[in-house]
Amino acid sequence: MGDMMLIYDLTYEELVTFLLENNQKKFRAEQIWQWLYKQKVRSFQEMGNLPTDLINLLEDSFKIQALELVLKHESQDGTLKCLYSLHDGHLIEAVLIKQHYGNSICVTTQVGCNIGCSFCASGLLKKQRDLTSGEIIAQIIETERILQERISYIVVMGIGEPFDNYENLMRFLYTINHPKGLAIGARHITVSTSGIVPKIKEYAHMGLQVNLAISLHAPNNDIRTKLMKINQKYPVEDVIDAIKYYLKITNRRVTIEYILIDELNDTQEVALELVQVLRGLNVYVNLIPYNEVLEAPYKRSSLVAMEKFYDTLKKQNIQVTLRKEQGHDINAACGQLRSQHL
Ligand code: SAH
Ligand code: SF4
């Protein structure tokens, strides 16, 4: 059972191929996806309009259950954290946030992360394995079941580096966007990366109007290498070049994520340096108060420093947002995950 493929791992075309190879009718693919992505059934037996031989074939060929809920935690502000176990016992989390514009979920792409940023709790846990596309999709479907509401915004900002699991990420994106799949608008989907330069360029050509967020966190290599050792491989100037390339190809505004850490990357000098680096680019900066984690030596910026940093960017005509309330922001909630459970 454990080694069988998850039905959610198949693209629509792959399901059609599977059906044809097994002497089934092509139109069954549409019915099966209807059950999986619209009705969200938990077993093949519930697929009432399928012939018994097809139900048996599906049962013999695929798993349908990817995740088991281990525990959930709901906060006052409408944040729902779900801890799930995978078939091999690994634990992952998905965080749902109720926003005024709709429900937003932050999904996990890997068990652990090999990028190893010094401020991030998931970076301390070596990557155990990549999630399959179906396991990423299942986080949305299971959480919708629990919530009993539709989720319409997806951020790929949970544990893991999505561009280090690129092929499964692409399958995931195409399936959730597919009109016969979850039919989530591409513009409602955001992928966040630590800055894997070749993948940013590849992503520019992926064909869907999906958003891109770059975890920059510093305008120069000195500070950025301290925070993110990946910066030795892909330094600031290469990341900025990749952003320029992406902007040229897609013409889509890029989000720059910038966590504010006390005395490290939150000074006026650094703010002005950031302005220089981003000048003229179609980007907007999302300033995120750092969530302190036990294992890391960093402290959150003071409110005064955060506001000054924000004002400096604003005055220099850089588009910028700063959310101070804890937990309300999906980024903040994702960041918090890391200090728990792991
Ligand atoms: N690996 C990808 C996506 C997952 S991390 C990336 O790094 O972009 C998602 C975001 O949460 C990143 O911007 C990351 O820098 C941020 N983050 C990680 N730990 C955090 C913490 N303790 N406090 C605030 N944000 C954090
Ligand atoms: Fe990995 Fe992102 Fe955490 Fe860095 S911030 S260790 S890339 S999950």
Side-chain angles (χ1 to χ4, degrees), residues 92-95 97 104-128 130-131 136 139 154-166 168-169 172 189-197 199-200 203 210-218 223-234 239 242-243 254-262 264-266 283-301 306 321-342:
I92 58 162
E93 264 196 38
V95 182
I97 297 195
S104 184
I105 192 173
C106 176
V107 294
T108 289
T109 54
Q110 298 179 318
V111 181
C113 182
N114 275 347
I115 306 297
C117 303
S118 61
F119 56 84
C120 172
S122 20
L124 299 165
L125 195 81
K126 273 242 158 274
K127 183 178 90 177
Q128 310 289 304
D130 290 326
L131 296 198
I136 312 173
Q139 294 168 52
I154 313 293
V155 296
V156 184
M157 282 188 192
I159 296 155
E161 168 49 53
F163 283 179
D164 181 39
N165 186 13
Y166 194 80
N168 291 342
L169 175 75
F172 164 74
I189 304 169
T190 302
V191 177
S192 172
T193 179
S194 58
I196 315 290
V197 165
K199 295 298 177 196
I200 296 171
Y203 186 72
V210 183
N211 303 305
L212 174 64
I214 305 274
S215 296
L216 194 65
H217 306 327
I223 305 177
R224 194 163 190 268
T225 299
K226 265 188 210 147
L227 294 173
M228 310 173 78
K229 64 179 197 273
I230 190 79
N231 192 66
Q232 287 170 318
K233 194 164 179 194
Y234 303 117
V239 174
I243 295 172
V254 171
T255 302
I256 303 292
E257 290 166 276
Y258 196 103
I259 53 177
L260 287 162
I261 301 176
D262 186 47
L264 194 90
N265 66 353
D266 67 345
V283 296
Y284 103 90
V285 179
N286 191 14
L287 297 175
I288 309 162
Y290 177 61
N291 287 306
E292 292 170 21
V293 302
L294 274 177
E295 306 86 342
Y298 307 117
K299 278 180 57 192
R300 171 182 292 208
S301 293
M306 292 199 282
T321 55
L322 165 66
R323 297 204 186 88
K324 284 159 279 182
E325 329 84 70
Q326 185 116 15
H328 258 52
D329 185 10
I330 187 107
N331 303 44
C334 283
Q336 277 163 20
L337 278 185
R338 295 168 172 71
S339 42
Q340 300 164 0
H341 298 301
L342 288 172

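Note that this is a predicted model, so its numbers are computed, not measured. As the structure lists them, so they are numbered: ligands from 1, and atoms in each ligand from 1. Hydrogens, waters and symmetry mates play no part in the numbers below; they use all other heavy atoms, side chains included.
For the pair M157 and ligand 1, the shortest N or O to N or O distance does not fall below 3.5 Å. Considering backbone and side-chain N/O of Y290, none are found under 3.5 Å from N/O of ligand 1.
Using a 4.0 Å heavy-atom cutoff, H217 is listed among the residues neighbouring ligand 1. Not a single heavy atom of C117 sits less than 4.0 Å from an atom of ligand 1. Using a 4.0 angstrom heavy-atom cutoff, G158 counts as in contact with ligand 1.
For I115, no heavy-atom contact with ligand 1 is shorter than 4.0 Å. At a 4.0 Å heavy-atom cut-off, ligand 1 touches N291 through backbone and side chain alike. Proximity of E161 to ligand 1, defined as any heavy-atom pair under 4.0 Å, is shared by backbone and side chain alike.
With ligand atoms numbered from 1 in the order given, ligand 2 contributes 1 (Fe), 6 (S), 7 (S), 8 (S) to contacts under 4.0 Å with heavy atoms of C113. Taking every heavy atom of G116 and a limit of under 4.0 angstrom, the matching atoms of ligand 2 come to 6 (S). Taking every non-hydrogen atom of I259 and a distance limit under 4.0 Å, the qualifying atoms of ligand 1 come out as 24 (C), 25 (N). For ligand 1, the atoms sitting less than 4.0 Å from at least one non-hydrogen atom of E257 are 10 (C), 12 (C), 13 (O), numbered in the order shown with element in parentheses. Counting the atoms of ligand 2 from 1 in the order shown, those under 4.0 Å from a heavy atom of G160 are 8 (S). Close contacts of ligand 1 with T193, meaning ligand atoms under 4.0 Å from a residue heavy atom, involve 6 (C), 8 (O).
Atom 1 (Fe) of ligand 2 has no N, O or S atom of C120 inside 2.8 Å of it. Metal site remark for atom 4 (Fe) of ligand 2: C117 contributes an N, O or S atom at a distance under 2.8 Å.
A heavy-atom distance below 4.5 Å is not found between the side chains of R224 and H217. Residues I200 and I214 meet the side-chain proximity criterion, which asks for heavy atoms closer than 4.5 Å. Between I256 and I243 the shortest side-chain heavy-atom distance falls below 4.5 Å.
For the atom pair CG (N211) and OG (S192), the distance works out to 11.5 Å, reported to the nearest 0.5 Å.
Ion pairing of D164 with K127 is present here, as a side-chain N (NZ or NE/NH1/NH2) and a carboxylate O approach within less than 4.0 Å.
Applying the salt bridge (charged side-chain N to carboxylate O under 4.0 Å, His left out) rule to K226 yields no partners; only residues at least two apart in sequence or on another chain are considered. F163 meets the ring-ring contact (aromatic ring centres under 6.0 Å, His included) test with Y166, Y203; sequence neighbours excluded.
Across all their heavy atoms, E292 and R300 have their closest contact at OE2-N, 2.9 Å. When all heavy atoms of Y290 and I259 are compared, the pair lying nearest together is CD1-CD1, 4.0 Å. Nearest heavy atom pair, residue T225 against residue Q232, reads CG2-CG, 3.6 Å.
With Y258 as the fixed residue, the side-chain contact (heavy atoms from CB on, under 4.5 Å) test singles out one of N286, N265, I288: N265.
Of the options G160, A213, C106, the smallest heavy-atom separation from atom 1 (N) of ligand 1 is shown by G160.
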